[in-house]
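This report refers to the structure that appears directly beneath it.
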Amino acid sequence: MSIGFVVDYCVARSELERGKKNNDENKFIMLKKNYSVIQDKYEKGEISEERYGDFMKRYRELEALYGFDY
């Protein structure tokens with residue numbers, strides 16, 4: 001485990017104990033559910049390269065926090 005992971009874990013646990021929801025975790029779940037839909041729309045040209053790039057950037061950031069097998 002990296003130091004960053006441990007810090008993120010402690011912060012998330014602390015927030016959950018205080019009753020705060022982890023919104024980034026929920027966002028990652030939604031992004032992961034919609035990943036294939038976004039990919040298909042991008043390949044069909046229905047989504048601009050800029051919007052797709054923004055989606056992928058956020059997806060990769062959250063994936064780095066929560067892992068591939070979430």
Worksheet entry | Ile47 side, atom CD1; Asp40 side, atom CG - distance, nearest 0.5 Å | 9.5 Å

Item to complete: For Glu50, enumerate each residue passing the side-chain hydrogen bond (donor to acceptor under 3.5 Å, both in side chains) test, keeping only those at least two apart in sequence or located in another chain.
Response: none

Discussion item. Run the side chain to side chain contact (heavy atoms under 4.5 Å, CB included) test against Glu49 and tell me which residues pass, sequence neighbours left out.
Written reply: Tyr42

Worksheet item: Taking C-beta and beyond as the side chain, do Lys41 and Val37 meet within less than 4.5 Å on heavy atoms?
Response: yes

Worksheet item: Atom CD1 of Ile38 and atom NZ of Lys33: how far apart are they, to the nearest 0.5 Å?
Response: 14.5 Å

Worksheet item: Excluding sequence neighbours, so at least two apart, what forms side chain to side chain contact (heavy atoms under 4.5 Å, CB included) with Leu31?
Response: Phe55, Arg58, Tyr59, Leu62

Worksheet item: Among all residues two or more places apart in sequence or in another chain, which pass the side-chain hydrogen bond (donor to acceptor under 3.5 Å, both in side chains) test with Glu46?
Response: none

Discussion item. If the condition is side-chain hydrogen bond (donor to acceptor under 3.5 Å, both in side chains), which residues does Tyr35 pass it with, not counting sequence neighbours?
Written reply: none

